[in-house]
Each structure stands twice: as structure tokens, then as C-alpha cells.
Amino acid sequence: MKVIVIGAGLGGLTLAHGLRRAGIDVVVYERDGEAGRRQGISLHVDDRGASALRACLPPAHAAMAAATTGAPRERTLTLSDVAGELTVVDARPTDGAEGRARPGRQTHRPLLRAILLTGLEDAVRFGAEFTRFERRATARSGPGSPTAAWTPPTCWWARTGSVRPSAAGTCHMCE
């Protein structure tokens with residue numbers, strides 16, 4: 001079985017690691033370049049997020065992710081640019097009450113992404129935007145098999161040199 005993950009954000013990369021640990025062939029398509037896009041510097045990871053990282057990542061990656069988190073957080077802060085100055089616009093306790101974050105730790109988002117990219121260099125395809133998905137029957141794949149298309153036209157099979165993609169962004173291996 002081969003699984004296509006759309007998006008090399010924190011969730012997509014964690015999923016890719018989990019699939020690999022389960023012995024499933026995976027490829028991750030990301031529309032942005034390798035540097036990604038600006039998404040902030042800090043992330044609050046609660047017990048559910050930490051548990052997901054431990055379950056999906058190789059043990060050494062999970063240990064590195066845990067070792068790079070900050071101390072337990074007592075509150076979360078929302079920062080914004082107000083008249084050209086970085087200002088705290090909201091502060092809430094991390095007690096898990098309605099509308100509030102659960103207790104957790106601060107994580108450096110770019111560092112966590114770098115940890116998650118490690119070991120997936122052969123599986124992540126940058127600069128490939130997902131454009132459509134459809135189910136259609138083909139002689140190779142049978143009834144109701146999925147087909148995905150990308151911009152620029154590419155697929156895992158084409159990237160590995162097995163086949164050339166069609167102008168529609170798919171190839172006979174994907175169809």
C-alpha cells in the first residue's frame with residue numbers, strides 16, 4: 001500500500017513518520033518550498049500532542065522533540081503587532097477549562113519541523129501543489145481507485161524516474 005500525504009506541516013510530517021513506522025510506503029507533497037512559510041515561532045503542545053509525537057515518531061526523534069520543549073506553561077499568550085510594537089493582546093491560564101488550552105509545554109515550531117523532516121528526505125516533495133482528487137476506474141487500478149493531480153505536473157512515480165507524467169499532472173501508474 002502507498003499513502004499520499006498532502007502537506008508537509010507538523011501534522012502531515014508526523015503522520016508520515018507514523019505510517020512509516022507501521023510499514024506503509026508514504027510520500028508527502030508540499031506546495032511550498034523546503035523553507036516553508038512563516039507560521040510563527042512558538043507552539044503550545046499539550047499531553048495529546050506529546051502523546052501523538054511519541055506514538056508516531058521514531059524513538060530518537062521523539063526524544064529530541066521532548067528535549068527541545070520548554071518548561072510547563074502556566075498560561076498561553078497571544079501576541080500581535082499593535083502600532084508597530086509586539087504586544088500581548090491576550091493571556092489565558094492553561095487549565096483546560098472551556099475555551100482554554102490544556103496544560104502543556106512551549107515548542108519552537110521551526111525546530112520541531114526540522115526534527116520531523118529528518119528521516120523523510122526521500123519522501124517529501126516540495127513545490128508540488130495538490131490540485132484535485134477523483135475516483136475513477138482504470139485497467140491498472142480497478143474500480144473507484146483514487147487519482148490525485150499536482151501542479152507542477154508530478155507524482156511519486158515520475159519523480160523516481162519510473163514514468164513520465166501526463167499533461168494533466170498524473171501518470172499511468174497513478175491512474
Side-chain angles (χ1 to χ4, degrees), residues 1-79 92-133 145-152 154-162 173-174:
M1 174 189 312
K2 181 178 204 69
V3 174
I4 296 172
V5 175
I6 300 169
L10 303 180
L13 295 172
T14 301
L15 174 61
H17 275 289
L19 291 167
R20 273 212 170 156
R21 285 191 74 190
I24 298 171
D25 192 15
V26 64
V27 63
V28 180
Y29 287 94
E30 170 58 48
R31 72 174 168 203
D32 295 328
E34 193 166 351
R37 67 183 106 102
R38 295 178 51 136
Q39 293 185 336
I41 199 77
S42 179
L43 181 69
H44 178 83
V45 178
D46 67 18
D47 59 320
R48 298 168 297 183
S51 177
L53 290 172
R54 284 190 304 273
C56 292
L57 300 182
H61 287 61
M64 189 178 300
T68 59
T69 61
R73 290 177 126 179
E74 295 179 11
R75 61 190 176 137
T76 59
L77 304 176
T78 303
L79 306 173
R92 297 180 182 200
T94 55
D95 56 12
E98 178 88 23
R100 296 183 186 162
R102 294 163 56 122
R105 295 177 179 269
Q106 178 179 351
T107 299
H108 185 264
R109 181 189 288 268
L111 180 56
L112 178 58
R113 186 166 188 265
I115 292 168
L116 294 172
L117 280 167
T118 302
L120 293 175
E121 295 86 357
D122 63 326
V124 180
R125 310 292 183 255
F126 293 103
E129 182 177 0
F130 174 73
T131 57
R132 75 178 184 280
F133 171 85
S145 294
T147 298
W150 316 94
T151 301
T154 187
C155 72
W156 181 83
W157 300 104
R159 288 282 183 120
T160 59
S162 301
M173 299 296 281
C174 297

* Asked: Any side-chain heavy atom of R75 sitting closer than 4.5 Å to one from L77?
  -> yes
* Asked: Say you draw a straight line from CG of L112 to OG1 of T107; how long is it, rounded to the nearest 0.5 Å?
  -> 6.0 Å
* H61 side-chain N/O to L116 backbone N/O, donor-acceptor pair under 3.5 Å -> no
* Structure fact -> Here the pair of heavy atoms bringing L57 nearest to R21 is O-NH1, 2.6 Å
* Are K2 and V27 close enough that some pair of their side-chain heavy atoms sits under 4.5 Å apart? -> yes
* Asked: Do any N or O atoms from the side chain of R125 and from the backbone of D122 form a donor-acceptor pair under 3.5 angstrom?
  -> yes
* Asked: Is V5 close to V26 at the side-chain level, that is, under 4.5 Å between some pair of heavy atoms?
  -> yes
* To do: Check for a donor-acceptor pair, side chain of R105 on one end and backbone N or O of G70 on the other, with a separation under 3.5 Å.
  => yes
* **Min side-chain heavy-atom separation F126-D32 under 4.5 Å** => no
* Carboxylate-amine/guanidinium proximity below 4.0 Å for R73 and D46 -> no
* Asked: E30 side chain to A8 main-chain N or O, any donor-acceptor pair under 3.5 Å?
  -> yes
* Got a second to check how far E129's CD is from I6's CD1, nearest 0.5 Å? -> 11.0 Å
* Structure fact -> Heavy atoms of H17 and T118 approach each other most closely as CE1-O, 3.3 Å
* Asked: Distance-only, no hydrogens or angles: does the T14 side chain make a donor-acceptor pair with backbone N or O of L53 under 3.5 Å?
  -> no
* Quick one: ring-ring contact (aromatic ring centres under 6.0 Å, His included) pairs with a partner in residues 36-55, sequence neighbours left out? -> none
* Decide yes or no for H108 and T68: does some side-chain heavy atom of the first lie under 4.5 Å from some side-chain heavy atom of the second? => no
* Asked: Near E74 CD, under 6.0 Å, is it more than 12 heavy atoms from other residues, nucleotides or ligands?
  -> no
* Beyond-backbone contact of L43 with L10, side-chain heavy atoms, under 4.5 angstrom -> yes
* Asked: Can you find a pair of side-chain heavy atoms, one from R113 and one from L13, that are under 4.5 Å apart?
  -> yes
* Taking every non-hydrogen atom, the tightest pair across P103 and G96 -> CD-N, 4.4 Å
* Asked: Would the number of heavy atoms belonging to other residues, nucleotides or ligands and lying under 6.0 Å from CZ of R92 be above 12?
  -> no
